[in-house]
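Computed from heavy atoms alone, side chains included, the values below leave out hydrogens, waters and symmetry copies. This one's a predicted model, so the numbers in the text were calculated from it and none came from an experiment. Sequence lines set the chain letters: A, B, ... in the order given, protein chains first and strands last, and positions in each chain run from 1.
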Number of protein chains: 2
Amino acid sequence: MQNKVSLPVIKRLPKYYRYLSDMHKNGVVKVSSSELAKIMGTTASQVRQDFNCFGGFGQQGIGYHVDVLLREITNLLFSEKKLDTILIGTGRLGRAISGYLTAEAKGYQLIAAFDKNPEEIGRQLSGVDILDIADLESFCKEHHPEVAVLCIPRQSAQELAPSLVALGIKGYWNFSHYDLSVVYDGITVENVHLGDSLISLGYRVRNN
Amino acid sequence: MQNKVSLPVIKRLPKYYRYLSDMHKNGVVKVSSSELAKIMGTTASQVRQDFNCFGGFGQQGIGYHVDVLLREITNLLFSEKKLDTILIGTGRLGRAISGYLTAEAKGYQLIAAFDKNPEEIGRQLSGVDILDIADLESFCKEHHPEVAVLCIPRQSAQELAPSLVALGIKGYWNFSHYDLSVVYDGITVENVHLGDSLISLGYRVRNN
DNA sequence: TAGATTGTTAATCGATTAACAATC
DNA sequence: TAGATTGTTAATCGATTAACAATC
């Protein structure tokens, strides 16, 4: 029936994937929408709607086969081909994130890091070279990275964004406070605004 | 007129705060809802609705005074009193996040870190002691932290959650993949699921 | 006064939830 | 067959956007 997979659904998919992986590991064979809903903190209706977005493969009266569902979601979320990725900014956050990316993230291949600080350039980070940001253009023209991880201040991100977009980078894991998606079309931006997240937490802790 | 400040509004407040701070620094005196909307990537309607949630202080025909607006939002988001905060998990991510929290985050005071690894216990991190997680209860009963930063695996978070909640910790900056808000009421959880974020980015890069 | 822009109500849109026939 | 649970349509809900009178 293939409804459109809306953004809220996409955001829930990794969570389904995680819980279904667990069940699969623990030998659970079937699961109902209401069981999943309870673990996920949502409703059975939503679970069924979500799964119907990418094709119904439950069995009426029975539920869903964990392995079928897991296979479908895995196919949807992951691909054989890893996304070539560059890291921009090798400060404290950049270093931590590069470690996370290489150690824990499926589907991404870090191929280079960039910084403007001469002390950083030439060193290694998570198994790749730290290059001069001035060489970004020549590097991209040769290696065509698909994703950039931005661990730089807002000002730098704003300055760099036009080149990055022009060089054909389509996906951005954005830790800077400059939101590219406001300005550029046709790119995919996943924002992780740690500062905003903390501010909003503080507000809610104080006012709840 | 004080409408309810809904979650989407709260999530936008830090962004308003950031842009208004900038304008204030640059000597901009007044701003209209449509100017702000353009920078924020939203509509003038939404900007006006948002500001009316916490009391209208624009001037019809004129716009908003940057300093008035900034002062109001600052009052709303920040407080004299910092939130006493503990960090749980001093692995790579925990170390990076503790640095971020102490160096860049207003409004939070890190008062201790916890780990279960004997090699970590007794060392220092971002100016605080790393304590044995076994001492969590006695520490909390003495110091009453308000916020916990969870940089531990899902399993550990799930095991620890009942104690944390019972010890009265109200706010959670949650980097683990265990979502406390599904299970516990009356707490505030700000989830930062880096893994999910990457998976969803990958999906969208491939399918856009 | 005329132009601009707010505050606020009404309309629209999209996502979530409820309901129920189909069917295992 | 009876009970359970899906797939799917309809109803609800909440957030966003549009519209416009009020007013600077």
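- Put simply, A:Arg12 has a side-chain N or O that comes within less than 4.0 Å of OP1 or OP2 on C:dT16.
- Note on A:Tyr64: only backbone sugar-phosphate atoms sit closer than 4.0 angstrom, heavy atoms only; bases stay farther off.
- Rounded to whole angstrom, the span from the CG atom of A:Leu7 across to the P atom of C:dT16 amounts to 10 Å.
- Annotation: A:Lys141, atom NZ; neighbour count of heavy atoms from other residues, nucleotides and ligands within 6.0 Å does not exceed 12.
- Remark: side-chain polar atoms of A:Arg204 are not paired, donor with acceptor, to backbone N or O of A:Ile199 under 3.5 angstrom.
- At a cut-off of 3.5 angstrom, the base of D:dT9 holds at least one donor-acceptor pair with the side chain of A:Gln49.
- Checked for salt-bridge contact, A:Lys11 and B:Asp196 miss the test: no charged N lies under 4.0 Å from a carboxylate O.
- B:Lys116 NZ: 12 or fewer foreign heavy atoms inside a 6.0 Å radius.
- The side chain of B:Ser45 contributes no N or O atom lying less than 4.0 Å from OP1 or OP2 of D:dA18.
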Task: From CA spacing to verdict: side chain to side chain donor-acceptor pair (under 3.5 Å), A:Ser33, A:Arg48 - done: CA-CA 6 Å; A:Ser33 54; A:Arg48 294 204 296 279; 3.0 Å; yes
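- Side-chain N/O atoms of A:Arg48 include none lying less than 4.0 angstrom from OP1 or OP2 on D:dG7.
- Backbone-only engagement by A:Ser32 is indicated by non-hydrogen atom pairs under 4.0 Å involving sugar-phosphate atoms exclusively.
- Distances from the side chain of B:Gln46 to the nucleotides C:dT17, D:dT16, D:dT5 place D:dT16 closest.
- Using cut-offs of 30° and 60° for the angle between ring planes, the B:Phe175 and B:Trp173 rings count as perpendicular.
- When atom types are taken as modelled, the side chain of A:Arg95 and the backbone of A:Thr90 share a donor-acceptor pair closer than 3.5 angstrom.
- For A:Tyr172, there are no ring-ring contact (aromatic ring centres under 6.0 Å, His included) partners at least two apart in sequence or on another chain.
- Nucleotide C:dT6 holds its P atom 10 Å from the CZ atom of B:Phe51, rounded to whole Å.
- Nearer to the 5' terminus of DNA chain C, by closest-nucleotide assignment, is the contact made by B:Phe57 (compared with the other of A:Pro8 and B:Phe57).
- Contact annotation: A:Ser33 side-chain N/O to D:dT6 OP1/OP2 distance is under 4.0 Å.
- Distance CG (B:Leu69) to P (C:dT6): 10 Å, rounded to an integer number of Å.
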- [ ] Report the secondary structure of DNA chain C in dot-bracket form, marking unpaired bases with a dot and bases paired to a different strand with |, and treating Watson-Crick or G-U pairs with both distances under 3.5 Å as paired.
- [x] ..||||||||||||||||||||||
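- Atom CG of B:Asp50 and atom P of C:dT8 are 14 Å apart (whole Å).
- Whole-Å rounding puts the A:His65 NE2 to D:dT6 P distance at 12 Å.
- The line from SG of A:Cys140 to CG of A:Asp135 is 10.5 Å long, rounded to the nearest 0.5 Å.
- Salt bridge status for A:Arg206 with B:Glu146: absent, with no side-chain N to carboxylate O gap under 4.0 Å.
- Spacing between atom CE of A:Met40 and atom P of C:dT17 amounts to 12 Å, rounded to whole angstrom units.
- Between the CG atom of B:Asn52 and the C1' atom of D:dT17 there is a distance of 15 Å, rounded to whole Å.
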Polar atoms only, N or O, under 3.5 Å: list the protein pairs with nucleotides 21-24 of chain D and their distances.
unit_1	atom_1	unit_2	atom_2	d
D:dA22	N3	B:Gln60	NE2	3.3
D:dT23	O4'	B:Gln60	OE1	2.7
D:dC24	O4'	B:Gln60	O	3.0

